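Just below is one structure, and these are the notes that go with it.
Numbering of ligands and ligand atoms starts at 1, following listing order. Since the model is a prediction, treat every value here as computed from it, not as a measurement.
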Amino acid sequence: MIELEAIKRNIETIQKNIEAAAARAGRNSSDVTLMAVTKTKPAEVVNNLIEAGIRCFGENYPDETAGKIGAFRAEPAARLAMIGHLQSRKAKIVADLFDEFHSLDRPEIAEKMETLCMERNRTMPVMIECNVGNEDSKSGWHFPDESISDLFLGDFEKISKMPHLDIRGLMTLPPYAEEAESNRKYFVRLRKIAEYLNRHCGAHITGLSMGTSSDYTAAVEEGATIVRIGTALVGPRDYSKK
Ligand SMILES: *Cc1c(COP(=O)(O)O)cnc(C)c1O
C-alpha cells in the first residue's frame, strides 16, 4: 500500500505540473481542483490522502464506496463524487452517500436520480458526461461530428429543468493515450460544447471535469476545472482483489 510520504511527493509533483500548465494557458491554478480517484483502494489510502490535504474524491463502484464511506466522512470538508457508470439499481446508494454525481450519462439515470433526490429532499450537483471520443465501450452522449445533436440539446434542456439536479458542468473520459497531446482535441471539444450551451441555451456551465494521470496537463491548458487522478497519485490499481 502507498505510504503517506509517497502520496505527499506525488501531490507536490502533480500540483507543480498543474501550476505550469495553468501558467502556459494564462489561467490561475487555484481554479483547478485535484480530484483523487480512489476506486479499488482501501480506506487507509483515503485516510492518507485526507492527511495530505486532499478534499475532493471520485469513486466508481457504489458498493465498494459504501464499504469505506467512513474514511471520507471522517473529514467533514471532504467532497465525494460518483464518476463511474451508474446502474439504475445502484442509484439509491449514490443518492444516499455521495455529495455529487459527475457521470450523468443518459436521460434515464437523470430521471431516476431526480426522483431519489426529491424523496430525500436534497439537491444533487451533477456533471453531464460527454463521450467526445465516441467510443462504444464508454457511456455518455456522442458527438460524432462538429455539430451538437438535437438529441443532446433536448436531453440537456430536460435535465436542466429537473428541480433536484443542479448541472455544474461537463465531464469526459477520452480514449486512453500515452501522450497528453493526443487527447487535446477532446478537451477542446468539451470546452466548446460548454461554450455553446452557455451562449445559445441559457446555460451557466463553469465546470469542466477532464484529464486523468496520463493527460491532465493538456486538459488544464484547455480549461479543466477538475482533473481526476488515480494512478499518478496513489499508484496502479489492483483489480484482482475485487
Ligand atoms: C479510474 C478513473 C480515473 C483515474 O484514472 P488514472 O489514469 O488512474 O488517473 C479518472 N476518471 C474516471 C472516470 C475513472 O474511471
Side-chain angles (χ1 to χ4, degrees), residues 1-2 6-7 9-18 21 32-42 45-46 48-49 52 54 56-65 68 72 79-87 90 93-94 98-106 109 125-142 168-184 186-187 189-190 207-220 222-242:
M1 202 186 71
I2 186 155
I7 288 178
R9 278 197 302 276
N10 290 344
I11 291 174
E12 212 170 296
T13 304
I14 294 164
Q15 284 296 0
K16 263 191 204 142
N17 291 340
I18 290 175
V32 185
T33 299
L34 167 57
M35 172 188 281
V37 176
T38 48
K39 58 175 177 256
T40 78
K41 300 291 178 184
V45 170
V46 176
N48 281 342
L49 285 162
I54 297 287
C56 179
F57 293 89
E59 281 268 321
N60 293 60
Y61 312 110
D63 289 320
E64 186 207 331
T65 311
K68 58 187 182 190
F72 299 104
R79 299 281 296 174
L80 176 60
M82 172 67 180
I83 61 167
H85 176 67
L86 179 58
Q87 295 169 279
K90 303 286 182 190
I93 304 175
V94 173
F98 285 69
D99 301 302
E100 308 198 6
F101 177 31
H102 288 189
S103 43
L104 200 171
D105 57 12
R106 58 197 193 281
I109 201 70
V126 300
M127 299 192 103
I128 307 289
E129 184 167 354
C130 297
N131 189 346
V132 291
N134 301 299
E135 295 172 279
D136 288 333
S137 59
K138 287 181 185 148
S139 48
W141 282 266
H142 283 236
R168 295 289 177 85
L170 305 181
M171 180 271 218
T172 197
L173 181 63
Y176 176 78
E178 296 270 329
E179 294 287 318
E181 210 46 51
S182 337
N183 278 344
R184 181 180 300 277
Y186 299 116
F187 302 140
R189 183 75 173 119
L190 194 73
L208 292 176
S209 175
M210 56 188 195
T212 64
S213 291
S214 55
D215 56 19
Y216 67 93
T217 51
V220 168
E222 297 305 337
T225 62
I226 299 174
V227 292
R228 308 180 307 268
I229 313 237
T231 313
L233 184 59
V234 289
R237 288 177 285 278
D238 179 4
Y239 284 99
S240 66
K241 288 191 234 96
K242 260 195 68 75

So if I apply the side chain to side chain contact (heavy atoms under 4.5 Å, CB included) rule between Val94 and each of Glu59, Glu100, Met82, which one comes out positive?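 Checked Glu59, Glu100, Met82 against Val94; only one passes side chain to side chain contact (heavy atoms under 4.5 Å, CB included): Met82.
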
If only atom types and distance count, is the side chain of Lys41 paired as donor or acceptor with the main-chain N or O of Val46 below 3.5 Å?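 Here the side-chain-to-backbone pair does not exist.
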
Counting C-beta onward and ignoring hydrogens, is there a side-chain heavy-atom pair between Thr65 and Leu80 closer than 4.5 Å? yes

With side chains defined as the heavy atoms from C-beta onward, is the minimum distance between Arg228 and Ser209 less than 4.5 Å?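 Arg228 reaches Ser209 side chain to side chain.
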
Identify, with sequence neighbours excluded, every residue that meets side-chain contact (heavy atoms from CB on, under 4.5 Å) alongside Asp105. His85, Ile109, Glu129, Ser139

Any idea which residues sit under 4.0 Å from ligand 1, heavy-atom distances?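 The answer is Val37, Lys39, Asn60, Ile83, Met171, Leu173, Thr212, Ser213, Arg228, Ile229, Gly230, Thr231, Arg237, counting any residue whose heavy atom sits under 4.0 Å from ligand 1.
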
CD of Glu135: more than 12 outside heavy atoms within 6.0 angstrom?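 Correct, the count exceeds 12.
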
